[in-house]
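Encoded as structure tokens, the structure appears first; notes follow it.
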Number of protein chains: 2
Amino acid sequence: MRPYSEALQHLKDAGLRPTRQRLVLARLLFCCDEKRHVTAEEMHAEAQMNGTPVSLATVYNTLNQFTEAGLLREIVVEPGRTYFDTNTSDHHHFYFETEGRLHDLPAEALELSRMPDLPEGTQINRVDVVIRLKGDAS
Amino acid sequence: MRPYSEALQHLKDAGLRPTRQRLVLARLLFCCDEKRHVTAEEMHAEAQMNGTPVSLATVYNTLNQFTEAGLLREIVVEPGRTYFDTNTSDHHHFYFETEGRLHDLPAEALELSRMPDLPEGTQINRVDVVIRLKGDAS
DNA sequence: ATACTTGCAAATCGTTTGCAATACC
DNA sequence: GGTATTGCAAACGATTTGCAAGTAT
């Protein structure tokens with residue numbers, strides 16, 4: 001995992017004060033090679049195992065702040081669990097229902113043709129496509 | 001709203017015992033002209049106003065049973081709130097974020113071309129497309 | 001010095017469950 | 001009569017919040 005300096009830059013860019021807790025979470029989220037899909041509980045456990053604990057309440061608050069700041073994107077695929085995606089660019093998802101795991105779909109892997117007319121006075125904020133999968137991805 | 005006899009038929013077809021509570025909810029859900037998107041709380045309030053109260057716990061249980069029986073479809077667009085759709089056929093949704101309201105999109109209004117390859121050993125269970133709208137649909 | 005942030009514990013929200021009373025066949 | 005269903009109240013899990021103590025600028 002890359003160093004804290006990069007995490008620091010993310011926070012600065014977002015205009016968030018670089019506290020110890022935010023640095024820990026930013027590094028775990030943004031300073032690894034792949035994009036991630038995480039829950040608050042997972043990040044809480046991960047910080048713990050990393051030897052840099054952050055209280056659960058702070059994890060929740062921080063993930064929400066990161067989302068507001070545009071560093072994360074919120075995804076809802078199941079009642080009662082919120083996922084955060086470190087990939088904030090335009091893309092969609094596979095959802096492995098048995099495992100409760102999300103996987104990015106490259107933007108070009110799926111194409112939406114023939115979009116419907118929008119109701120008057122509205123604009124598209126986002127289009128979410130979730131391909132729900134059954135079965136084992138071994 | 002059409003009579004209870006039709007609601008009764010829905011329950012029979014689904015193999016569910018026609019209790020008073022189930023009949024009340026089935027009628028409110030299935031015996032009106034449009035397809036509906038409802039939450040448990042809404043149905044609870046509606047039964048109340050209808051003069052045929054059903055306890056909230058029973059509303060939850062019943063909506064889940066209806067879903068298992070294929071009479072309803074569950075939709076998640078927001079953390080902490082589950083919607084049930086009386087339209088169980090293949091179709092997608094507009095979601096009015098400011099109002100928290102769902103609206104059906106006819107199946108032909110949106111076309112998915114170029115579907116991605118699926119991971120080995122998996123099959124598609126369902127594809128959910130939600131077009132999230134900002135602004136007022138007046 | 002000041003304003004912002006943290007952590008804890010309590011509160012909240014939507015939903016589920018245990019169980020005694022009740023309704024259906 | 002026997003099994004399924006209901007309603008209440010308590011339990012639940014995820015998330016949020018109030019507030020006193022701690023930290024960044």
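Chain A is the first sequence line, chain B the second, and so forth, proteins listed ahead of strands; every chain is numbered from 1.
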ask   = Would the number of heavy atoms belonging to other residues, nucleotides or ligands and lying under 6.0 Å from NE2 of B/His103 be above 12?
value = no

message = Just to be sure I understand the geometry, which residues of residues 63-88 of chain A put a non-hydrogen atom under 4.0 Å away from DNA chain C?
response = none

Between B/Gln9 and B/Asp13, a side-chain donor and acceptor under 3.5 Å = yes

request  = May I ask you to list the residues of residues 12-30 of chain A, by number, that have any heavy atom positioned under 4.0 Å from an atom of DNA chain C?
outcome  = A/Arg17, A/Thr19, A/Arg20, A/Gln21, A/Arg22

task = Would you please test A/Asp128 and A/Ile75 for side chain to side chain contact (heavy atoms under 4.5 Å, CB included) and show each step?
result = CA-CA 9 Å; A/Asp128 284 347; A/Ile75 309 176; 5.8 Å; no

key: Angle by which the axis turns from one end of the helix from C/dA1-D/dT25 to C/dC25-D/dG1 to the other, five pairs per end, to 10 degrees   = 30°

message = Measuring only between side-chain heavy atoms, which start at C-beta, is A/Phe66 closer than 4.5 Å to A/Leu16?
response = yes

query = Closest approach of B/Pro53 and B/Gln48, non-hydrogen atoms and distance?
reply = CB-NE2, 3.6 Å

inquiry  = If the test is side-chain contact (heavy atoms from CB on, under 4.5 Å), which one of B/Arg73, B/His93, B/Glu42 qualifies with B/His37?
reply    = B/His93

task = Give the minimum heavy-atom separation between A/Leu63 and A/Ala40, together with the two atoms involved.
result = CD1-CA, 3.6 Å

message = Set out, in order, the CA-CA distance, both residues' side-chain angles and the distance that settles side chain to side chain contact (heavy atoms under 4.5 Å, CB included) for A/Val129 and B/His92, then state yes or no.
response = CA-CA 10 Å; A/Val129 179; B/His92 301 295; over 6 Å; no

ask   = Is any side-chain nitrogen or oxygen of B/Ser55 closer than 4.0 Å to OP1 or OP2 of D/dC8?
value = no

key: N/O (side chain, A/Tyr60) to phosphate O (OP1/OP2, D/dT16) under 4.0 Å   = no

query = If you look at every heavy atom in A/Ser89 and A/Asn87, which pair is closest and at what distance?
reply = OG-OD1, 2.7 Å

note = Nearest heavy-atom contact between A/Leu71 and A/Phe30 is O-CE2, 3.6 Å

